[in-house]
Amino acid sequence: MRENISRRDFLRRSKGAVAGVAAAGMLGGSGQISQGAESYHGTPSQDTTYHGTQKGPPLRPAAFVIHKKAELAAPKGPRAVVVGGGWGGLTMAKHLKLQSPEMDVVLVETHSVFISCPISNLWLAGLVDQGFITHSFLDAATNNNYTFFNATVMDADREKRRVYTDKGYIDYDYLVLAPGIDYDYDAIGVHDIDQQQAVMSRYPAAFKPGSEHLTLKAKIDNFEGGLFALTVPSGNYRCLPAPYERACMVASVFKKNKIKGKVLLLDHNPTIKIKREGFEAAFHELYKDYLEYYPSVSIVGVDVEKKTIMGEFDDYTFDDAAIYPRIRGAKLIENLGLVNKYSPQKEAWIDQFHSNVVGDERVYVIGDSRPTGFSKSGSTAQEEAKFVARVIAGRMKGQEVKWETPYTSCFSMVNSDPMEAIYLGFKYLPPQAGITPMAMERVVAFWTHTGAAFAWRDRKMERSEEMGEAMLEWARVHYNEMF
Amino acid sequence: MLKIGRRAVRLPRHEYGKDDVIEVKTRIIHPNHNGRHKYEDKGYIAQHFINLIEVYYGDQRIISVDASAGLSQNPYFTFALKVTHSAPLRVVWKDTRGEEYTETVDIRV
């Protein structure tokens with residue numbers, strides 16, 4: 001029988017043994033870490049580098065982050081650091097350089113490969129190959145004359161204009177945060193950290209590209225029959241039509257392979273949230289025997305062992321699932337103390353006409369961590385990034401750029417054979433000439449609550465192959481914007 | 001695939017002590033068209049909404065709701081109930097097309 005040995009026990013028992021030396025080393029190390037942590041927000045007396053000429057023992061990782069300068073060439077102009085290499089961040093980096101060529105732009109991203117979340121539903125159904133949605137950050141940086149820095153941002157000091165990464169710090173003149181989303185499992189009644197881990201790893205949402213998508217692809221390909229549960233969360237979640245599109249795509253795989261399986265789509269909303277006519281028609285006409293849609297299901301818990309999703313009224317047992325919980329602004333925003341306390345999804349506190357952090361014109365937040373009601377989609381993030389790049393370029397010259405709302409174009413594939421899609425495009429309501437402050441306030445409140453004030457709108461709810469082709473073209477154009 | 005009339009009544013549990021006060025939750029899937037929304041090109045969507053909700057505890061009618069077109073889609077009602085005796089709790093929804101939907105749960109003391 002083995003006992004549970006805690007670290008403390010281990011240290012006591014191994015006294016005098018060879019392990020004792022290692023243990024002493026560990027203690028010394030942790031002592032230094034806490035020392036580093038104390039001086040974290042203070043001013044280090046000088047910038048010493050890890051491999052530099054400093055005397056004494058080498059710095060432990062925590063201190064390393066603070067004292068080592070990231071290995072980047074010295075900036076040749078004002079430096080902009082873009083945090084996050086998603087749709088918003090990549091577009092931002094490119095357009096900052098286009099708008100002000102003298103600027104030195106660094107894109108900091110934690111992944112080394114770009115996998116696109118838009119179009120990934122098509123890949124899940126085998127309509128495009130993985131190469132179509134996978135791209136290289138290096139190409140993006142080389143083609144658009146900025147620097148790609150593969151690191152994870154840990155903190156920022158806005159007074160010193162310095163951002164800390166796990167590979168050292170970077171000083172900035174402008175900082176753009178585009179960190180995206182994090183999942184909020186508490187909102188679907190999964191509070192326990194081990195339960196959260198279990199749900200996250202066994203039934204991943206697959207809305208943050210990477211391993212989650214690979215796992216889901218394998219689940220779909222290997223599904224032998226029964227119920228495959230997908231969920232639609234509450235709130236302003238990432239890509240409103242995506243869960244419905246995904247339901248169609250998974251059902252199309254079952255239909256094509258004649259699998260005795262059904263997609264169980266559990267929707268928090270009272271009805272299909274976007275493109276309702278288009279999706280309803282697809283559900284009825286294409287996937288009648290392969291899809292069950294349940295609206296108004298608020299999830300209050302998930303039992304991983306029993307493979308059950310608990311709704312407020314009914315329980316749903318499944319054979320396999322991808323559970324999309326509620327989402328929130330990235331935890332980085334919270335860690336930096338930039339959360340808007342009125343945002344129910346912990347999004348950033350920004351001036352929504354210029355996207356800078358309130359009271360700090362050097363730091364901007366774009367993409368899915370923004371608090372406005374704009375859709376959290378790739379297309380919107382690109383349009384927004386182009387505008388904010390102009391704001392920053394303008395402010396460098398001392399000019400204010402007039403506010404402009406983004407427009408978005410959004411395709412959803414509903415049929416795989418032949419490839420047929422539906423389309424919705426719109427521009428959010430722009431500021432009216434001579435609008436009164438009170439009316440303005442109402443417009444803003446309307447957005448914040450509904451995200452649905454449009455200046456114009458274009459809809460094609462009847463699925464067609466023409467739209468299917470347009471969708472792939474849309475993807476090429478948008479990828480081209482970033483790479 | 002919107003199944004009109006799918007309904008549910010949920011009690012915290014089924015067995016209670018006498019005079020316990022419990023929260024009952026009810027919900028029905030219903031489009032509740034108020035008659036003022038338009039199709040893109042085909043004119044107005046016909047009125048079709050829940051206009052009466054009744055709750056019976058045993059034989060006694062304990063709640064009657066005159067609902068109107070202002071009611072939300074998939075209406076969700078909760079109410080507090082004082083448990084006095086063992087009896088079925090029956091919730092009835094009626095809509096403007098004359099459809100009637102009933103759901104019954106047992107309460108035991």
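So you know, we letter chains A, B, ... as the sequences are listed, proteins then strands, and number each from 1.
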So, the part of Ser72(B) with a heavy atom under 4.5 Å from chain A: the answer is neither
In terms of heavy-atom contacts, Pro295(A) and Asn74(B) come closest through CB-ND2, 4.0 Å
Heavy atoms of other groups near Arg13(B) CZ, more than 12 under 6.0 Å: yes
Can you tell me if Glu466(A) has over 12 outside heavy atoms packed within less than 6.0 Å of its CD? no
Check the surroundings of atom CZ in Phe79(B): do more than 12 heavy atoms from other residues, nucleotides or ligands lie under 6.0 Å from it? yes
Taking every non-hydrogen atom, the tightest pair across Arg10(B) and Phe313(A): NH1-O, 2.7 Å
Mark yes when over 12 heavy atoms from residues, nucleotides or ligands other than Asp59(B) sit less than 6.0 Å from its CG; otherwise mark no. no
Is there a side-chain contact between Ser296(A) and Arg6(B), using heavy atoms and a 4.5 Å cut-off? no
